[in-house]
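First comes the structure, then the notes that go with it.
Just so you know, residue 1 is the first one in the sequence shown, and it goes up from there.
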Amino acid sequence: MHRIGIVGAVSFIVVTSASSALAAPTLHPQTIAASTRVAVEHPNPVRPLDAIAHRGASAYAPENTLAAIDESAARGAETVEIDVQLTADDELVIMHDTTLARTTDVEERFPGRAPYDVADFTMDEIRELDAGSWFDASFEGEPVPTLGEALDRLEEHDLNLLLELKEPALYPGMEELVADEFTDRRQWLRHNPPWQPRHLVVQSFDWRVTERSKELMPSVPHALLGRVPEDRLDEFGWAHLINPNHNSIDADYVDLLHDSGFEIMPYTINDRARMDAVLEMGVDGFITNTPDVGREAIDDFSGDRNPRAPIVVPPAGPFA
């Protein structure tokens, strides 16, 4: 089963008042019943395949930075995946590793503070760091953003978000602070229509904390990172997606997840041939450092399969 387009159609009967027989039909649920009937064919929408930019477009810009978000938009991504952790003063900061050493100049700025754990530095200290030069000199001075700053930039580009709660066991209560951030930014709690990618998904390898986050934000879809064993799927009916390593799946597992009501977005695929392979398995999208290549793979795979059918509204008339 390939979840790539519009499958089937749903018929609706729209009833209008006799006095508006010549007006356009309405789908308002409180329309008063009368004698005129108009048949409307609506496609049954399936979310489009999505090439999610991993840590931003991290093949082209330093990961988990505003520059990587900008590059995601420039390369045609619709959704960005980023990682969140907590600083020593409980600020939500965007960082993948639990230490600052690999992707910043922390060892030069703060010598002698090994192991340079994120949790050992305040946000003010982290703001002094250069998070771009390690990737390329052209990104010198790129800062480590807060979650709020990342959300602002995503909104500027009208991008969706896949947010990973990174190592939440190190940061008790982090899921509550994340929920507070989104509660203060209620626009992130709105849902995209079903023919667009999801607006916000929260995920983690820690499935217990993921469930706790779902309890705090019940309207937000949540995803389990990793391969959930087949005999445990029934335990996670509250989750919307299961996102395993792409090397751990096959078509049978993808079909099982779909049959069990889950979507699947495997990580992290940068090889075009492997993108093609997982698309053939029927995944709902995938996470990649190269969202432009992923978009090309999706476009080539989709082609003209199941093109989106137009909504057909026959002219209203004096039907019996």
Distance, nearest 0.5 Å, that separates [atom1] of [X] from [atom2] of [Y]:
{"X": "Glu128", "Y": "Asp105", "atom1": "CD", "atom2": "CG", "value": "9.5 Å"}
{"X": "Ile52", "Y": "Leu49", "atom1": "CD1", "atom2": "CG", "value": "10.5 Å"}
{"X": "Leu100", "Y": "Asp120", "atom1": "CG", "atom2": "CG", "value": "9.0 Å"}
{"X": "Arg127", "Y": "Thr122", "atom1": "CZ", "atom2": "OG1", "value": "10.0 Å"}
{"X": "His222", "Y": "Glu215", "atom1": "NE2", "atom2": "CD", "value": "9.5 Å"}
{"X": "Glu167", "Y": "Met174", "atom1": "CD", "atom2": "CE", "value": "9.0 Å"}

Do [X] side-chain atoms and [Y] backbone N/O form a donor-acceptor pair below 3.5 Å?
{"X": "Ser72", "Y": "Ala57", "value": "yes"}
{"X": "Asp136", "Y": "Phe139", "value": "no"}
{"X": "Gln203", "Y": "Glu164", "value": "no"}
{"X": "Ser204", "Y": "Asp206", "value": "yes"}
{"X": "Lys166", "Y": "Met95", "value": "no"}
{"X": "Asp50", "Y": "Pro197", "value": "no"}
{"X": "Asp271", "Y": "Arg274", "value": "yes"}
{"X": "Asp284", "Y": "Arg47", "value": "no"}
{"X": "Ser133", "Y": "Ala137", "value": "no"}
{"X": "Gln85", "Y": "His96", "value": "yes"}

Assess whether a salt bridge exists between [X] and [Y], defined as any Lys/Arg side-chain N lying under 4.0 Å from an Asp/Glu carboxylate O.
{"X": "Arg208", "Y": "Glu211", "result": "no"}
{"X": "Glu71", "Y": "Arg75", "result": "yes"}
{"X": "Arg102", "Y": "Glu63", "result": "yes"}
{"X": "Arg109", "Y": "Glu125", "result": "no"}

Looking at every non-hydrogen atom in both residues, tell me the closest pair between [X] and [Y] and how far apart they are.
{"X": "Ala150", "Y": "Ile94", "value": "CB-CG1, 4.1 Å"}
{"X": "Val106", "Y": "Leu129", "value": "CA-CD2, 3.7 Å"}
{"X": "Leu66", "Y": "Pro145", "value": "CD2-CB, 3.9 Å"}
{"X": "Pro244", "Y": "Tyr253", "value": "CG-CE2, 4.3 Å"}
{"X": "Gly148", "Y": "Glu181", "value": "CA-OE2, 3.6 Å"}
{"X": "Phe301", "Y": "Leu279", "value": "CZ-O, 3.3 Å"}

Tell me, yes or no, whether the heavy-atom count around [X] atom [atom1], taken from other residues, nucleotides or ligands under 6.0 Å, exceeds 12.
{"X": "Arg190", "atom1": "CZ", "result": "yes"}
{"X": "Gln187", "atom1": "CD", "result": "yes"}
{"X": "Asp184", "atom1": "CG", "result": "yes"}

Check: How would you list, by chain and number, every residue that makes a salt bridge (charged side-chain N to carboxylate O under 4.0 Å, His left out) with Glu78, sequence neighbours excluded?
Finding: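 Only Arg295 meet the salt bridge (charged side-chain N to carboxylate O under 4.0 Å, His left out) criterion with Glu78.
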Check: salt bridge (charged side-chain N to carboxylate O under 4.0 Å, His left out) with Glu140: which residues, sequence neighbours excluded?
Finding: none
Any heavy-atom pair between the side chains of [Y] and [X] that's under 4.5 Å?
{"X": "Val201", "Y": "His240", "value": "no"}
{"X": "Pro266", "Y": "Asn243", "value": "no"}
{"X": "Tyr171", "Y": "Asp90", "value": "no"}
{"X": "Leu224", "Y": "Thr210", "value": "yes"}
{"X": "Glu91", "Y": "Leu177", "value": "no"}
{"X": "Asn247", "Y": "Tyr267", "value": "no"}
{"X": "Asp180", "Y": "Leu216", "value": "no"}
{"X": "Leu165", "Y": "Val209", "value": "yes"}

Is it the case that one hydrophobic cluster holds both [X] and [Y], taking links as side-chain heavy atoms less than 4.5 Å apart, direct or via other members?
{"X": "Phe262", "Y": "Leu256", "answer": "yes"}
{"X": "Leu189", "Y": "Leu163", "answer": "yes"}
{"X": "Val93", "Y": "Val202", "answer": "yes"}
{"X": "Met281", "Y": "Met265", "answer": "no"}
{"X": "Leu162", "Y": "Leu257", "answer": "no"}

Margin query: What I want to check is whether the side chains of Thr99 and Asp97 have a donor and an acceptor closer together than 3.5 Å.
Written below: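 Checked: Thr99/Asp97 side chains show no N/O donor-acceptor pair below 3.5 Å.
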Check: Is it true that the side chains of Arg272 and Asn270 contain a donor and an acceptor less than 3.5 Å apart?
Finding: no
Notebook entry, point to check: Could Arg185 and Phe182 be counted as a cation-pi pair, given that NZ or CZ must be under 6.0 Å from the ring centre and within 45° of the axis?
Noted result: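 No, Arg185 does not sit over the ring of Phe182.
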Note to self: Would you say the ring centers of Trp188 and His199 fall short of 6.0 Å from each other?
What the structure shows: yes
Margin query: Consider side chain to side chain contact (heavy atoms under 4.5 Å, CB included). Of Thr290, Val80, Asn64, Ile287, which one does His54 pass it with?
Written below: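 It is Ile287; the other options fail the test.
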Checklist line | From Thr79, Ile69, Leu151, residue fulfilling side chain to side chain contact (heavy atoms under 4.5 Å, CB included) relative to Leu161 | finding: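 The residue from Thr79, Ile69, Leu151 that satisfies side chain to side chain contact (heavy atoms under 4.5 Å, CB included) with Leu161 turns out to be Leu151.
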Item checked: For Phe236, ring pair (Phe, Tyr, Trp, His ring centres under 6.0 Å) partners two or more places apart ->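 Ring pair (Phe, Tyr, Trp, His ring centres under 6.0 Å) check on Phe236 returns Trp207.
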Note to self: One pair to check against side chain to side chain contact (heavy atoms under 4.5 Å, CB included): Leu92 and Thr146. What are the steps and the verdict?
What the structure shows: CA-CA 6 Å; Leu92 294 165; Thr146 64; over 6 Å; no
Next item on the list: Apply side chain to side chain contact (heavy atoms under 4.5 Å, CB included) to the pair Asn289 and Tyr60, showing each step before the final yes or no.
Entry: CA-CA 8 Å; Asn289 297 343; Tyr60 311 110; over 6 Å; no
Check: What's the verdict on side chain to side chain contact (heavy atoms under 4.5 Å, CB included) for Phe286 and Met275, showing C-alpha distance, side-chain angles and the deciding distance?
Finding: CA-CA 8 Å; Phe286 51 83; Met275 293 176 184; 3.7 Å; yes
Margin query: Quick one, Val254 with Val278, criterion side chain to side chain contact (heavy atoms under 4.5 Å, CB included). Give me CA distance, side-chain angles, the key distance, then yes/no.
Written below: CA-CA 9 Å; Val254 173; Val278 298; over 6 Å; no
Notebook entry, point to check: Between Tyr116 and Phe121, what is the ring plane arrangement, given parallel below 30°, perpendicular above 60°, and tilted in between?
Noted result: parallel
